[in-house]
Amino acid sequence: MTPGQDRAWQVSLWRLFALGGAALVAGLALDAVPQCLLAAAAGGLLLQLWRLRQLQRWLHGRSRRPPIDDAGIWGSIYRGLHRSHRTALASKRRLVHLLRAFRTTAAALPDATVVMDDDGRILWFNDAASRLLGLSYPQDVGGHFSNLVRSPRVTAWLEAGDGESLLDVPAPTDDALRLGLRLIPYAAGQRLLVARDMSKLMQLEQVRRDFVANVSHELRTPLTVVHGYLDLIEPEQLPELEPILHELRTQSRRMTQIVEDLLTLSRLEAQDSLPEERVAMAAMLRTLKREADALSQGRHAIVVEAADEADLLGSTKELHSAFSNLVINAVRYTPNGGTIRIRWAPRDGGRVFSVVDTGQGIAPSHLPRITERFYRVSTSRSRETGGTGLGLSIVKHVLQLHQAHLTIDSEVGVGSTFSCVFGPERILQPAPVGEEA
Ligand code: ADP
């Protein structure tokens with residue numbers, strides 16, 4: 001208890017004693033002590049009841065000011081109640097202010113923001129959600145998102161709820177707008193859907209793709225001409241220029257390869273899917289071994305390890321391009337005398353195609369960027385081996401089009417394992433005899 005509260009008690013007790021004393025003196029004077037004491041007790045009780053009534057009216061009334069300002073216990077109670085009322089009011093005001101500021105900020109966001117519960121029922125959305133998703137306030141609050149934004153892709157994505165972004169969805173309000181959607185669970189039973197207008201970004205990406213494709217295409221013809229003329233010159237015709245001609249031939253071949261790889265990448269990027277056919281893996285592994293042997297020229301031991309006869313569902317041409325890129329890299333980056341294993345093995349219901357080498361390996365710091373275009377661990381070594389720096393990008397794109405992914409395990413000086421991991425839906429049981437492609 002604070003000294004102020006102590007004092008209020010003392011004041012009230014003194015008042016009680018004073019009332020009792022006055023009743024006693026009056027009783028003695030009138031020779032009616034019991035009656036006077038009773039009257040004083042009844043008066044005191046009535047006063048307390050009246051104070052309680054005042055408190056009740058104040059608590060339920062609208063007035064904020066306490067009805068009495070008394071030095072006794074009632075004054076202390078009123079002051080305490082008034083103080084906690086004021087504190088509660090101030091924090092409520094602060095909260096309302098904060099909520100308003102948050103809503104104004106969220107409403108002003110250029111991205112559509114929709115708060116919904118676990119069942120997909122809309123709880124709140126901002127202005128951009130009306131513009132980009134076509135939601136209307138207030139009638140759509142409480143409605144199911146999937147019923148209001150009718151798109152089978154969006155519905156399937158919402159149901160999956162696996163945290164992956166959904167890109168390139170046409171806006172329900174305007175087909176020309178392309179949206180990128182993200183779903184963020186942020187509180188128990190609540191999810192935040194953020195839809196961003198990606199049209200400009202997609203346009204830029206398209207301009208970049210077209211530019212690379214056009215440049216590569218335009219370079220192809222002059223390069224073929226240069227290449228053709230260089231091939232026409234016989235070494236005996238200009239023996240003194242032979243070293244220069246040899247270098248010119250090597251470099252023009254390298255440029256042609258870069259252009260071809262860039263065109264392959266552009267073609268893969270422009271595709272949403274590839275033809276789906278039975279990829280005969282036994283034949284594929286034989287072809288890869290033949291190619292590796294031809295490139296290695298006996299400098300490495302090439303071993304094929306196939307655990308079973310399962311085939312793949314996908315594009316033979318593109319998968320061959322991806323697998324052979326890995327095999328060629330293994331031959332290029334493995335010193336003479338090394339071993340290269342080409343494996344086809346089951347994993348988690350799916351299958352893994354891996355190329356294991358005993359080569360120079362890759363330091364962990366390079367791994368996150370290794371599949372980027374033109375990213376090389378050592379530019380000079382890569383040039384020496386005739387690489388274009390685009391091989392692993394092609395592998396990544398081909399795998400993406402097969403819903404597969406690339407994993408790389410590598411240790412410097414020990415070797416690397418490049419694995420293409422395919423899901424069970426891509427695996428075909430062995431074809432009956434006579435059907436192999
Ligand atoms: P490149 O045409 O230069 O080989 P890639 O995209 O195929 O381009 O590979 C990118 C880089 O990854 C290479 O330059 C090389 O440094 C590294 N790399 C790829 N495969 C291997 C491997 N089997 N062993 C070691 N390093 C490798």
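Counting starts at 1 for both ligands and their atoms, in listed order. Being a predicted model, the structure only gives us computed values, none of them experimental.
For ligand 1, the atoms lying closer than 4.0 Å to a non-hydrogen atom of Arg376 are 3 (O), 14 (O). Those atoms of ligand 1 that come under 4.0 Å of a heavy atom in Gly389, given as number and element, are 1 (P), 2 (O), 3 (O), 6 (O), 8 (O). Per-residue contacts place Gly391 under 4.0 angstrom from the following atoms of ligand 1 (heavy atoms of the residue considered): 5 (P), 6 (O), 7 (O). Less than 4.0 angstrom separates some heavy atom of Ile370 from each of these atoms of ligand 1: 11 (C), 12 (O), 17 (C). Residue contact check: Thr388 has heavy atoms under 4.0 Å from atoms 2 (O) of ligand 1. For ligand 1, the atoms lying closer than 4.0 Å to a non-hydrogen atom of Val377 are 16 (O). Taking every non-hydrogen atom of Ser416 and a distance limit under 4.0 Å, the qualifying atoms of ligand 1 come out as 24 (N).
Between the Asn126 side chain and the Thr113 main chain, a donor and an acceptor come within less than 3.5 Å of each other. The backbone N or O of Glu164 lies less than 3.5 Å from a partner atom in the side chain of Trp157, making a donor-acceptor pair. Checked by atom type and distance alone, the side chain of Arg182 never pairs as donor or acceptor with a backbone atom of Ser165 at under 3.5 Å. Judged by distance alone, the side chain of Asp119 and the main-chain N or O of Arg121 form no donor-acceptor pair under 3.5 Å. Arg79 places a side-chain N or O within donor-acceptor distance of the main-chain N or O of Asp70, the cut-off being under 3.5 Å. Here the side chain of Ser354 pairs no donor or acceptor atom with the backbone of Thr417 at under 3.5 angstrom. Using a distance-only test at 3.5 Å, with no hydrogens or angles considered, no donor-acceptor pair links the side chain of His397 to the main chain of Ser266.
By the criterion of a heavy-atom distance under 4.0 Å, neither the backbone nor the side chain of His366 is placed next to ligand 1. Contacts between Phe418 and ligand 1 below 4.0 angstrom, taking non-hydrogen atoms only, involve the side chain exclusively. Residue contacts with ligand 1 for Leu392 involve both N, CA, C or O and side-chain atoms from C-beta outward (heavy atoms, distance under 4.0 Å). Only side-chain heavy atoms of Asp357 come within less than 4.0 Å of ligand 1; its backbone N, CA, C and O stay farther off.
Across the listed options Phe374, Tyr375, Tyr333, Tyr333 owns the non-hydrogen atom lying nearest to atom 13 (C) of ligand 1.
Looking at ligand 1, you'll find an N or O of Asn329 within less than 3.5 Å of one of its N or O atoms.
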I'd like to know whether Asp293 forms a side chain to side chain contact (heavy atoms under 4.5 Å, CB included) with Arg290, so could you lay out the CA-CA distance, the side-chain angles of the two residues, the decisive distance to 0.1 Å, and finally the verdict. CA-CA 5 Å; Asp293 280 331; Arg290 224 175 18 249; 5.8 Å; no

Derivation of the side chain to side chain contact (heavy atoms under 4.5 Å, CB included) call for Lys396 and Gln400: CA-CA 6 Å; Lys396 193 176 85 176; Gln400 266 170 8; 4.1 Å; yes

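Salt bridge present: Glu318 and Arg267 bring a charged side-chain N and a carboxylate O closer than 4.0 Å.
Using a 4.0 Å heavy-atom cutoff, Arg332 is listed among the residues neighbouring ligand 1. Proximity of Gly359 to ligand 1 is not established, as no heavy-atom distance is less than 4.0 Å.
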